[in-house]
Chemist: 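Before anything else, here's the structure in question.
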Amino acid sequence: MAALPAELNIREKMQKLGHMWKSCPITEKENYREQYMNLKTEYEQKLEQFMVDLGPKKEEYVAQLTAYKHKKQDFRKAVGDKRKGIQGTNTSGYTLYLQDNFAASWDAHGGGRENVPIVMKELAGRWKELDENTKLGYKARASLVNSERKAKNEMLVEKTVKVESASKEKVGDKKTDTKKAAVSKKTKEASAKKAAVAKDTK
């Protein structure tokens, strides 16, 4: 399999990797799932220890985390099904490092899905060995990317909310006009009946 073209953006690369995952043998998938479970367990243990280390600040942290989750839920609700253009804002410096180096490293290994784990392990090792200034550069880029995406997302949400509000107003106006038309029709019919009765009486 040929290496991923360097000009592909992250979304296109993820799509390519998704196709590769689907074609992976079951035994290889199980190996990745096992690695995932090990990393998940490690994360949960570290999170538990982190909460313990917070001490008296734990309640404040939990409150902030809960507020963030609620804000995220409101964000998703506001966007609804119109999420086209919404981008994640949790890009890390390591993610950008992978984007910059994955294609070249994979190509150097001859491509092929069997080399993906080797490349990822190699890049992880190289990332750990990077000097702090270089890492800070990647982290600064990631912060800038996230800030730009957040600003664009907020603009998109605001635009979406305005469009939905305008749409609801139009629907409301249409219903009001329909009700007015119905009332006007009934009024005319009543007037016509009264006029007919008056005429018969005479």
Side-chain angles (χ1 to χ4, degrees), residues 8-18 21 29-102 116-117 120-121 123-172:
L8 292 181
N9 59 39
I10 185 62
R11 183 176 181 180
E12 292 168 334
K13 288 178 180 178
M14 292 305 294
Q15 288 177 339
K16 291 282 187 182
L17 291 174
W21 171 256
K29 287 184 178 180
E30 287 301 322
N31 180 43
Y32 282 114
R33 290 192 179 101
E34 184 178 350
Q35 291 182 49
Y36 162 74
M37 292 306 297
N38 291 336
L39 290 172
K40 182 182 178 183
T41 301
E42 182 182 352
Y43 163 76
E44 290 173 345
Q45 291 173 347
K46 288 184 177 180
L47 178 61
E48 184 178 354
Q49 185 59 48
F50 170 74
M51 298 299 281
V52 171
D53 294 340
L54 280 175
K57 293 184 178 180
K58 179 179 177 180
E59 292 185 4
E60 180 183 352
Y61 172 78
V62 172
Q64 291 177 350
L65 183 62
T66 301
Y68 167 75
K69 288 181 178 179
H70 288 163
K71 185 176 180 181
K72 192 173 182 180
Q73 289 173 354
D74 293 340
F75 171 80
R76 289 179 176 175
K77 185 177 180 181
V79 176
D81 294 330
K82 302 176 181 179
R83 297 195 66 180
K84 186 176 181 181
I86 294 295
Q87 295 179 306
T89 55
N90 59 345
T91 296
S92 65
Y94 179 59
T95 300
L96 294 180
Y97 175 77
L98 290 179
Q99 289 180 25
D100 288 349
N101 296 278
F102 181 85
V116 171
M120 294 300 291
K121 185 176 181 180
L123 291 177
R126 284 162 56 183
W127 169 259
K128 289 180 180 179
E129 294 174 357
L130 282 179
D131 61 272
E132 285 304 314
N133 287 335
T134 303
K135 285 185 178 180
L136 285 174
Y138 275 106
K139 291 176 181 178
R141 278 178 56 195
S143 179
L144 179 61
V145 168
N146 290 331
S147 296
E148 291 176 346
R149 288 180 176 179
K150 183 178 179 181
K152 289 180 180 179
N153 289 346
E154 289 176 350
M155 289 177 62
L156 179 59
V157 171
E158 184 179 354
K159 182 179 179 180
T160 301
V161 171
K162 286 182 179 179
V163 170
E164 290 179 350
S165 297
S167 178
K168 288 179 180 179
E169 288 178 3
K170 287 182 179 179
V171 171

Chemist: Show, in sequence, the C-alpha distance, side-chain angles and deciding distance for Trp21 and Lys29, and conclude whether the side chain to side chain contact (heavy atoms under 4.5 Å, CB included) test is met.
Modeler: CA-CA 8 Å; Trp21 171 256; Lys29 287 184 178 180; 3.5 Å; yes

Chemist: List the steps and the verdict of salt bridge (charged side-chain N to carboxylate O under 4.0 Å, His left out) for Glu30 and Arg33.
Modeler: CA-CA 5 Å; Glu30 287 301 322; Arg33 290 192 179 101; 3.2 Å; yes

Chemist: Apply the test side chain to side chain contact (heavy atoms under 4.5 Å, CB included) to residues Met120 and Phe102: give CA-CA distance (whole Å), side-chain angles for both, the deciding distance (0.1 Å), then the verdict.
Modeler: CA-CA 8 Å; Met120 294 300 291; Phe102 181 85; 3.8 Å; yes

Chemist: Please find the pair of heavy atoms, one from Ala142 and one from Gly93, that lie closest to each other, and give the distance.
Modeler: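 What the structure gives for the nearest pair is CB-N, 3.6 Å.
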
Chemist: Apply side chain to side chain contact (heavy atoms under 4.5 Å, CB included) to residues Val62 and Met51 and explain how you reach the verdict.
Modeler: CA-CA 9 Å; Val62 172; Met51 298 299 281; 3.7 Å; yes

Chemist: Hey, what do you get for CG (Leu136) to OG (Ser143), rounding to the nearest 0.5 Å?
Modeler: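 So the CG of Leu136 and the OG of Ser143 are separated by 11.5 Å.
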
Chemist: Is it the case that atom NZ in Lys58 sees more than 12 heavy atoms from other parts of the structure closer than 6.0 Å?
Modeler: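 Atom NZ in Lys58 is not crowded, with 12 or fewer foreign heavy atoms closer than 6.0 Å.
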
Chemist: Less than 4.5 Å apart, side chain to side chain, heavy atoms only: is that true for Arg141 and Thr91?
Modeler: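 Side chain of Arg141 against side chain of Thr91, heavy atoms only: no contact under 4.5 Å found.
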
Chemist: With a cut-off of 6.0 Å (strictly less than), are more than 12 heavy atoms of other residues, nucleotides or ligands near CD of Glu59?
Modeler: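 Count not over threshold, so no.
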
Chemist: Output the distance between atom NZ (Lys121) and atom CG (Leu123), rounded to the nearest 0.5 Å.
Modeler: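 It is 13.0 Å, given to the nearest 0.5 Å.
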
Chemist: Would you compute the distance between atom CH2 of Trp127 and atom CG of Leu130 and round it to the nearest 0.5 angstrom?
Modeler: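 The distance works out to 6.0 Å.
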
Chemist: Nearest 0.5 Å please: distance from the CD atom of Glu60 over to the CD atom of Gln64.
Modeler: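 Nearest 0.5 Å value for the CD-CD distance: 5.0 Å.
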
Chemist: To the nearest 0.5 Å, tell me how far Glu132 CD sits from Lys139 NZ.
Modeler: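 One finds 6.0 Å between CD of Glu132 and NZ of Lys139.
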
Chemist: If I take atom CD from residue Gln45 and atom CD from residue Glu42, how far apart are they, to the nearest 0.5 angstrom?
Modeler: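 Output value for this atom pair is 7.5 Å.
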
